[in-house]
Amino acid sequence: MAPPKFMGLSGRPLSMMVSAVATTGFLLFGYDQGVMSGIITAPAFNKMFPETKDNSTMQGFVTAIYEIGCLAGAMFMLWAGDLLGRRRGIIAGASIMLIGVIIQVATVKDKNPLAQLIVGRVVMGVGNGMNTSTIPTYQAECSKTSNRGLLICIEGGVIAFGTLIAYWLDYGASYGPDDLVWRFPIAFQVIFAVLIIFPMMFLPESPRWLLSHQREAEADRVIAAIRGYEEGSPEAVLERNLIVDSLRASGGYGQKSTPVKALFTHGKTQHFRRMLLGSSAQFFQQVGGCNAVIYYFPILFEESIGTDHNMSLLLGGVNMIVYSIFATTSWFIVERVGRRKMFLIGSLGQSLSMVITFACLIDGKEMTARGAAVGLFTYIAFFGATWLPLPWLYPAEVNPIKTRAKANAVSTCVNWLFNFVIVMVTPIMVSNIGWGTYLFFAATNACFIPVIYFFYPETAKRSLEEIDIIFAKGHAEKMSYVRAAKELPHLQPEEIEGYARKYGLVGHGESDSSTEVGTIGDERRDVEKNFSGQSGNTTNSSDEGLPDRGPGPSVVDEGGVESGFGDGVNASRKADN
């Protein structure tokens, strides 16, 4: 019997389609980040919206109001995301963005066009906030553990490619008639929205979300389709039970929405600390000045360096090529170098780049000011390679399965709130304090370094379950979590249970009760016995003092459950052999 299909696809082709649609969502995100930069000071745009001409405050407001919509969308998903579901959330977000585009391009002169433009940008922002809160979670829940970092880094990296498309489209449209100059770049976003909406109508829902709502028959079909199994096969049944194990362990089975108060717990799970780590990464990304450069690169060149509008657009397009090239480097180094080192290298590089920029602008001479362009180019190179993708990856890794969806939504809210602040104040800062703007960003980037060094534990090459043990170890042994991550050896699946028992993480989240988990664990072990033809217990060969693996509730390989179907099977096989 063939595996079930979605869009006529199953197995690897279906997984690739899921990733393609998720990536398109972030491509649209990047495009909208860059589209206003090339048109906000264009004569044709200023003619249609005269309030924006030579008015840095209004330019900042029109550009930044979009972020308020994004914040509202992210907050909505914080409340309704678990109820709405991943698939419907993405479809709704892209549909709302489509409506926002139509509102913007339908503006008519003498009919209060600026108000209509602002409303359209807010509406579009709501849709983008919903998508950026939901897509990483959907992608993670439909991907293998081994691909988790790469796929989310690719999502973050394509933001740069979206911005690149926007910059060069703005530049090409600048040679056309007045309406083409600004209407076409905005309207072009319809293509991305359509490429998200229609495929998502036929793609599967996240199996974890289906099982959290006890829709087991649908989840079985999705698991079989996305992994290329026959429906009802031992592999599919085992993986479904692994997910149910994890949901029961975290208290999420049958609980349609994790309560917000769960984000503020401490103890061995450290939900609150982990939420702060993920949110701080998004906060640092914004206050480091990335969107000051991305949104306003042409303006920075015109006002700070003294180039004309056409040359500013051209240089902005070249800068985005640099941005995109360096954004791809994270795909190859994120697992080799590690998150901490990439964060530290990026912060140092961005700070020094801003030092170059403000130092070249101090004397106000045109020739010296051209050196500031070097600083902006090196800044965007460091940002693209490090701080662009990592703040989207780190919260998805560092937060546990119980709070991951809501903690990611909180991180996204932080991103959009401070995105708004920076985009709003940047043109005002450039107009009033000039080179001091870049001095400010140099100082803030330098401040990130000690925070990252002392508080950010390394998560590279760790299963999600090992990350839980890192925080439990730090709490139990009263040590820094950075040190705990360094001291904890990389664990084999059969070793994880012993460490989880040692630190009180066996089969449950906040409570010590494991009755429910034991029941589902017995069911899973029956399936494992039927599937592999054998069962048995493995003695832990890790640190002295760790208990032998015996009967009782099993610790779920969260890496396999959360991020891929198949890893859990492998873990179970290893544990039983």
> Would you say R339's side chain and V334's backbone share a donor-acceptor pair under 3.5 angstrom?
Replying inline: yes

> Do L14 and M7 come close enough that some side-chain heavy atom pair is under 4.5 Å?
Replying inline: no

> Sequence neighbours excluded, which residues qualify as side-chain contact (heavy atoms from CB on, under 4.5 Å) partners of V374?
Replying inline: T378

>> Taking ring-ring contact (aromatic ring centres under 6.0 Å, His included) as the definition, give me every residue that meets it alongside F284, ordered by chain and number, with sequence neighbours left out.
In response: F448

> Should we count CE of M75 as having more than 12 external heavy atoms under 6.0 Å?
Replying inline: no

> Partners of V21 by side-chain contact (heavy atoms from CB on, under 4.5 Å), sequence neighbours excluded?
Replying inline: M17, I196, P199, M200, L203

> Do L78 and V410 come within less than 4.5 Å of each other through their side chains, counting heavy atoms only?
Replying inline: yes

> Mind checking whether F76 and W416 have ring centres under 6.0 Å apart?
Replying inline: no

>> If we ignore hydrogens and angles and just use 3.5 Å, is the side chain of S324 paired with the main-chain N or O of A160 as donor and acceptor?
In response: yes

> Among pairs that include at least one residue of residues 339-367, which meet ring-ring contact (aromatic ring centres under 6.0 Å, His included), considering only residues two or more places apart or in two chains?
Replying inline: F343-W387, F343-Y394, F343-Y456, F358-W435

> Knowing that exactly one of F161, F192, W168 qualifies, which makes a ring pair (Phe, Tyr, Trp, His ring centres under 6.0 Å) with Y31?
Replying inline: F192

> Does D32 reach the side chain of Y66, with side-chain heavy atoms less than 4.5 Å apart?
Replying inline: yes

> Does R274 have any salt bridge (Lys or Arg N to Asp or Glu O under 4.0 Å) partners at least two apart in sequence or in another chain, and if so, which?
Replying inline: D468

>> Can you tell me if K109 has over 12 outside heavy atoms packed within less than 6.0 Å of its NZ?
In response: yes

>> Using the side chain to side chain donor-acceptor pair (under 3.5 Å) criterion, which residues pair with N445? Sequence neighbours excluded.
In response: Q350

> Can you tell me how far the CE atom of M124 sits from the CD1 atom of I99, to the nearest 0.5 Å?
Replying inline: 12.0 Å

>> Per the side chain to side chain donor-acceptor pair (under 3.5 Å) rule, what does the pair list look like for residues 88-102, sequence neighbours excluded?
In response: none

> What pairs meet the salt bridge (Lys or Arg N to Asp or Glu O under 4.0 Å) rule with one or both residues in residues 181-195, with sequence neighbours excluded?
Replying inline: D179-R183

> Between T329 (side chain) and F326 (backbone), is there a donor-acceptor pair under 3.5 Å?
Replying inline: yes

>> Can you pull out every salt bridge (Lys or Arg N to Asp or Glu O under 4.0 Å) where at least one residue sits in residues 34-50? Sequence neighbours excluded, please.
In response: K47-D178

>> Please enumerate all residues that pass ring-ring contact (aromatic ring centres under 6.0 Å, His included) together with F49, with sequence neighbours excluded.
In response: F45, W182

> Are Y175 and Y171 close enough that their ring centres sit under 6.0 Å apart?
Replying inline: yes

> Got a sec, which residues hit side chain to side chain donor-acceptor pair (under 3.5 Å) with S330, two or more places apart in sequence or on another chain?
Replying inline: none

> Which residues pass the side-chain contact (heavy atoms from CB on, under 4.5 Å) test with I325, sequence neighbours left out?
Replying inline: I321

